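Quick notes on the structure that follows.
All values derive from a computational prediction rather than experimental measurement. Positions are given from 1, in the same order as the sequence printed here. Note that ligands are numbered from 1 as they come in the structure, with each ligand's atoms numbered from 1 the same way.
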Amino acid sequence: MKTHTSEHLTVQYVLPPDSPLESLFCRIIQKDVAKGCIDPDLLGTDTCRDAAIVRVCVDGSWREIRVPIFMAHLVNPLGLCDPEADNPAAPVWADGSWTGTLLWDSAAHVCELMLAQPCWRARLRGASCLELGCGLGLPGMVASLLGAAPVLLTDRLQVAEMAEAGCRANSLKGARGVEFDWDEAAARQLVADHFGGRAPSLILACDCIFEPLFGEAHLLLRMLVVLADAQTTVIPAPEIVILALERRPNDGVESFFALAEAAGFEVHVLLQVNRVVVVEMWWRSGGRGAVK
Ligand SMILES: C[S@@+](CC[C@H](N)C(=O)[O-])C[C@H]1O[C@@H](n2cnc3c(N)ncnc32)[C@H](O)[C@@H]1O
């Protein structure tokens with residue numbers, strides 16, 4: 001099982017011995033779709049099957065958080081079923097939401113960046129933060145541990161509920177998991193409801209650009225334009241957008257960033273490690289446009 005170990009962050013995956021689901025072994029080796037059956041209501045609860053044990057080093061002290069996780073990619077995602085549903089054979093999360101049930105490498109690298117660099121730690125203190133397509137929401141949780149508040153972890157409903165359970169399980173008081181299925185009206189509402197109508201200081205989105213699964217990336221960019229544009233006369237917005245991604249064939253990343261620049265964002269690569277790329281974006285002065 002892939003783990004992440006560095007000076008500031010370790011991520012290990014564990015399966016509780018009394019897991020109500022079959023072990024990873026069964027899921028991987030037997031490839032028995034029925035054994036991939038999940039009750040979506042169970043995700044994120046104490047009885048949840050897998051967990052990522054995450055240890056983060058904040059200002060010299062280690063803190064451990066336990067993030068509920070389900071290795072959905074190890075079963076056929078289209079075979080993920082809800083045994084209680086009217087049609088138990090119908091796949092759940094076939095829209096790609098299953099990818100939010102595990103932690104992706106680019107998110108781990110964003111955490112590492114925030115933990116390792118003093119300038120990021122200073123920047124995060126007291127900053128409002130919004131994570132899009134958060135999955136487990138680890139970067140948002142780390143931002144919260146570093147003093148960001150409020151921190152909103154957003155995703156489609158089932159995934160957001162899991163992120164909310166993760167925040168509660170780890171007593172991250174300034175952080176919440178909230179449903180946000182990308183839509184312009186919903187984006188305006190989100191900013192009004194949770195950020196007092198101002199753009200958050202930091203917007204995070206990890207591994208959310210992959211055209212074969214999520215469709216053309218224009219939708220994500222349209223969200224960023226709406227979210228980053230919300231501002232009052234007092235607080236200019238937002239300070240920064242961080243996008244992290246893992247390069248894959250036909251991922252649509254080049255066209256995403258070409259569009260982002262055309263929409264008025266300055267784009268700057270912060271980090272490149274193997275297939276992971278972390279990019280920061282901010283509004284180029286005077287250069288806001290629309291996403292065609
Ligand atoms: C590959 S996962 C990344 C999860 C997490 N950010 C990470 O890196 O570990 C992509 C996430 O984006 C979410 N997503 C994709 N399209 C979305 C949409 N239209 N609205 C809300 N969330 C979306 C999925 O549900 C999924 O949780």
Side-chain angles (χ1 to χ4, degrees), residues 2-4 9 11 13 40 43-44 50-52 54 65 67-74 77 80 91-114 129-143 151-167 175 177-187 189-190 202-227 241-248 251-253 256 271 273 275-279 291:
K2 211 167 169 190
T3 55
H4 181 98
L9 175 76
V11 182
Y13 302 106
L43 269 183
D50 314 323
V54 181
I65 55 179
V67 186
I69 184 170
F70 176 63
M71 306 280 182
H73 61 313
L74 298 177
L80 290 177
V92 292
W93 304 353
D95 57 4
S97 303
W98 63 269
T99 61
T101 60
L102 59 134
L103 178 70
W104 295 86
D105 280 356
S106 65
H109 281 284
V110 168
C111 296
E112 178 65 31
L113 192 82
M114 295 193 291
C129 174
L130 169 64
E131 184 167 3
L132 303 177
C134 67
L136 306 178
L138 192 56
M141 290 183 193
V142 167
V151 175
L152 213 62
L153 310 179
T154 68
D155 207 300
R156 292 178 175 129
L157 181 62
Q158 285 160 327
V159 183
E161 283 177 343
M162 192 170 69
E164 168 65 1
C167 292
V178 170
E179 177 186 11
F180 173 45
D181 201 333
W182 302 338
D183 166 86
E184 288 184 26
Q189 197 60 47
L190 188 85
L202 174 71
I203 301 176
L204 300 165
C206 302
D207 215 338
C208 289
I209 306 171
F210 184 42
E211 283 190 2
L213 197 55
F214 304 129
E216 288 188 348
H218 307 197
L219 180 60
L220 174 62
L221 187 58
R222 280 215 301 278
M223 293 309 103
L224 293 178
V225 168
V226 172
L227 294 162
V241 176
I242 297 285
L243 291 171
L245 46 104
E246 203 170 315
R247 295 305 313 258
R248 303 181 181 97
D251 54 16
V253 164
F256 176 88
L271 184 85
V273 184
R275 293 192 306 155
V276 170
V277 184
V278 181
V279 166
V291 184

Query raised in the report: Taking NZ, NE, NH1 and NH2 as the nitrogens, is one of them in R222 or E184 under 4.0 Å from a carboxylate oxygen of the other?
Result: yes
Query raised in the report: Is the backbone of C134 close enough, under 3.5 Å, to the side chain of D155 for a donor and an acceptor to pair up by distance?
Result: yes
Report summary line: For D181, the atoms of ligand 1 under 4.0 Å from one of its heavy atoms are 18 (C), 19 (N), 20 (N), 21 (C)
Report task. Just jot down the ligand 1 atoms closer than 4.0 angstrom to any heavy atom of A107, in number order. Result -> 7 (C), 8 (O), 9 (O)
Query raised in the report: By number and element, which atoms of ligand 1 are closer than 4.0 Å to a non-hydrogen atom of C208?
Result: 12 (O)
**Report entry** Under 3.5 Å: donor-acceptor pair, side chain of E131, backbone of L204
**Finding:** no
Requested in this report: Return yes when F210 approaches ligand 1 closer than 4.0 angstrom through a heavy atom, no otherwise.
Outcome: no
**Report entry** Close side-chain approach of V278 and V110, heavy atoms under 4.5 Å
**Finding:** yes
Query - Which segment of C134 sits under 4.0 Å of ligand 1 when only heavy atoms are counted - result: backbone
Query raised in the report: Counting heavy atoms only, which of L219, L245, D155, L157 comes nearest to atom 13 (C) of ligand 1?
Result: D155
Query raised in the report: If you measure every N/O of W182 against every N/O of ligand 1, is any gap under 3.5 Å?
Result: yes
**Report entry** Ligand-side contact atoms (ligand 1) for residue partner F180, heavy atom cut-off under 4.0 Å
**Finding:** 20 (N), 21 (C)
Report task. Check whether any heavy atom of L136 sits under 4.0 Å from an atom of ligand 1. Result -> no
Query - Part of C206 with heavy atoms under 4.0 Å of ligand 1, whether side chain, backbone, both or neither - result: both
Query raised in the report: Under 3.5 Å, N or O to N or O, is G133 touching ligand 1 that way?
Result: yes
Query raised in the report: If you take all heavy atoms of L153 and C167, which pair is closest and at what distance?
Result: CD1-SG, 3.4 Å
Query raised in the report: Are any non-hydrogen side-chain atoms of R247 and V253 less than 4.5 angstrom apart?
Result: yes
Query raised in the report: side chain to side chain contact (heavy atoms under 4.5 Å, CB included) between L227 and L190: does it pass, once the steps are laid out?
Result: CA-CA 9 Å; L227 294 162; L190 188 85; 4.3 Å; yes
Report task. Would you verify whether the NZ or CZ of R275 falls within 45 degrees of the ring axis of W104 while also being under 6.0 Å from that six-membered ring's centre? Result -> no
Report task. Check each atom of ligand 1 against the heavy atoms of G100 and keep those under 4.0 Å away; list them by number with element. Result -> 26 (C), 27 (O)
